[in-house]
Amino acid sequence: MKAVIEAKNLTKRYGDFTAVNGISFEVKPGEIFGFLGPNGAGKTTTVRMLSTLTSITEGEAYVNGHDVRRERKAVKKTIGVVQDVSNLYDELTVEENLRFLAKLYDAPLENVSRLIKDFNLPAKKKFGKLSSGYKRRTAIVAALIHEPPVLFLDEPTVALDVQSANLVRNMIQLLNKEGKTIFLTTHNMTEAETLPHRIAIINRGKIVAIGKRNELRKLVGKGVKVRFRVEPLSNRFLRFLEPYSPKPDGETLVVMVEDPDTFLEEFWGLKRELGFRVLHLSTELPSIEEVFLQLTDSNEDGERPCACGGCPL
Amino acid sequence: MKVVPIIVKELKEYMFKPGSISWGLVFPLVFSLAFIVRFGDIDHLAPGLVSISALFATTSFVASSLIFERRLKTFERLLLAPISYGEIILAKVLVGALFGLMVSAITLAIVRYFMVYPVWSWPLTLLGILLANLAFSALGVYISLAVENPINVMTWLNVIRLPMMFTSGAIASLTLFPKWFIAIGLITPMTYSVEALRYSLLGYYDVIAPLYSLPLMLFMTLLFMLLSVRSLRRMY
């Protein structure tokens, strides 16, 4: 399947500072592609380059088959961009803002009333008087006015309360179901756990991992996390745990194990032998947050093997 | 052409912003009234007062709009739309000139009321005011984009606007000054505006004939617009 967004060795330099350092990736049609990274990692700069807002220093980028460097107007017609701030005009009503953008994009004016109705926006209210949640929803709707097949969402839930953030996430899923390809930058782990089909993690301008969630989880730690609470804790049991470096987490202990079957076999064997009570026992894969923290903190400069196996990292 | 929707949007959004009202409307009108009260017969000051009104109204309006838009990133809405940088700059210049025309028309009406002699040529006066507003607006757009931090735009504008009031002959005739002083004035559109309006309102000029001052204002409009487009290319 032909990629909708394609970046090849994309680089952005500001003087001596390299904000984005030769990154390459592809986004497939209908995909939600999560772009994760700490503050200053290069997420927004990447979005700005792909959406024509910032010039590309080196490398190539294509959106919907159009060269971002040479066919800026064609790229702009096929993308909708929601920036990390809700940047519409305060003194204009929601409807006036959308009508203005419809005129700029040569979009049918019927789209304005349809979108206002579909997303239940207060048409006659001035944008500046809206709550931050409504502002963000209106900003997302504004990006849809010309019915673009690709959406760039830069931190769409930043600074929103829980309810508004949830509404925005539902909106993103709805738009994806309608067939939009979505490039989503975030450092919100709830979003990263639920929305993207694939994720790229960027750190200090370089992509350090790329792949599906489960593929990324396999890149870090020793496979599976086992959490348990037993009573009483005998010395024998603690000696058994020693090689796994157990960490207390509330009332439970947590260990990372490569082979959970063997670990649990030994665990139940000891229970039979020592007779302790098991008050809690669960297994879980590492969260995306853990993957993110490991790849962006402990490995700030290095590159990790790519989970997809096929991308040019 | 997407210029018209941008102009309508700008007027709705920025017409009543504090920067437009204080520096763009109140300052030039109060300034003109102060001179009228002081001198009574203000024929010789009329070209300067109308030019000052146009200068402050246009530059304050476009600066106010660009300061807000650059800080709140609404300017990037325009940059993301499938329109050229040239169209964006043209819209900004035209809307600034439109606001300037409104303010300078009010000033002209007030000043005309206190003038002793009749206006020498109305068509030339209207042409002069139109070209002056375009040139000042283009200057304002260029400065608003050239200053890196938008918070500092108004300060830089005043650094440029206030000396221009003196080097242009708006307050005192250029014939009273040495040649080097006149030469400084010739690099700004304000001097051409004052000279063109002096001729159209009073029938004489100090240094530059309208044959030169009017086309030079048009030339400066185009020059500042080109420089603004270049600034945009450098910034984005």
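Proteins get letters first, then strands, A, B, ... in listed order; numbering begins at 1 in each.
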(message) For Y134(A), does the six-membered ring have the charged nitrogen or CZ of R137(A) within the cation-pi criterion, i.e. under 6.0 angstrom from the centroid and within 45° of the normal?
(response) yes

(request) Using modelled atom types only, decide if a donor and an acceptor are shared between the side chain of T11(A) and the backbone of G22(A) within a distance under 3.5 Å. (result) yes

(message) Sort by residue number and list every residue of residues 220-236 of chain B having at least one heavy atom under 4.5 Å from chain A.
(response) Y236(B)

(message) Please rank K77(A), K103(A), H146(A) by heavy-atom pairs under 4.5 Å with chain B and give me the top one.
(response) K103(A)

(message) Tell me whether K135(A) forms a cation-pi arrangement with F127(A), defined as NZ or CZ under 6.0 Å from the six-membered ring centre and within 45 degrees of its axis.
(response) yes

(request) Please answer whether the main-chain N or O of I187(B) pairs with a side-chain N or O of T191(B) as donor and acceptor at a distance below 3.5 Å. (result) no

(request) Supply the atom-to-atom distance L108(B) CG to L201(B) CG, rounded to the nearest 0.5 angstrom. (result) 6.5 Å

(request) Check whether R72(A) gets within reach of chain B through its side chain, its backbone, both or neither, counting any heavy atom under 4.5 Å. (result) side chain

(request) Mind ranking T54(A), T52(A), D106(A), N97(A) by heavy-atom pairs under 4.5 Å with chain B and telling me who comes out on top? (result) D106(A)

(message) Please output the residues of residues 68-81 of chain B in contact with chain A, using a heavy-atom cutoff of under 4.5 Å, in numerical order.
(response) E69(B), L72(B), K73(B), T74(B), E76(B), R77(B), L78(B), L79(B), L80(B), A81(B)

(request) Please say which of K12(A), R69(A), K8(A), R13(A) ends up in a salt bridge (Lys or Arg N to Asp or Glu O under 4.0 Å) with E58(A). (result) R13(A)

(message) Is it the case that the side chain of E31(A) and the backbone of K28(A) share a donor-acceptor pair, with hydrogens and angles ignored and the cut-off at 3.5 Å?
(response) yes

(request) Could you tell me whether the side chain of Y62(A) reaches within less than 4.5 Å of the side chain of V68(A), counting heavy atoms only? (result) no

(request) Determine yes or no for a side-chain-to-main-chain donor-acceptor pair under 3.5 angstrom, with N111(A) supplying the side chain and I145(A) the backbone. (result) yes

(message) For L160(A), is there any backbone N or O sitting under 3.5 Å from a side-chain donor or acceptor partner on S164(A)?
(response) no

(message) Quick check against the 3.5 Å criterion: does T185(A) have a side-chain atom that pairs as donor or acceptor with the backbone of E155(A)?
(response) yes

(request) Select all residues of residues 130-155 of chain B having any heavy atom within less than 4.5 Å of some heavy atom of chain A, and report them by number, or 'none'. (result) none

(message) Quick check: F25(A) with F183(A) (ring centres under 6.0 Å apart)?
(response) yes

(request) Answer with side chain, backbone, both or neither: which region of A139(A) has an atom nearer than 4.5 Å to a non-hydrogen atom of chain B? (result) both

(request) State whether the side chain of S200(B) and the backbone N or O of L197(B) hold a donor-acceptor pair below 3.5 Å, judged by distance alone. (result) yes

(message) Using only atom types and a distance under 3.5 Å, with no angle test, would you say the side chain of T18(A) pairs donor to acceptor with the backbone of V20(A)?
(response) no

Give the table of side-chain donor-acceptor pairs shorter than 3.5 Å for residues 15-31 of chain B, with sequence neighbours excluded, one pair per line with atom names and distance.
| from | atom 1 | to | atom 2 | distance (Å) |
| --- | --- | --- | --- | --- |
| S20(B) | OG | Y14(B) | O | 2.8 |
| S22(B) | OG | P18(B) | O | 2.8 |

(message) Which one wins on heavy-atom pair count under 4.5 Å against chain A: E87(B), K2(B), E13(B)?
(response) E13(B)

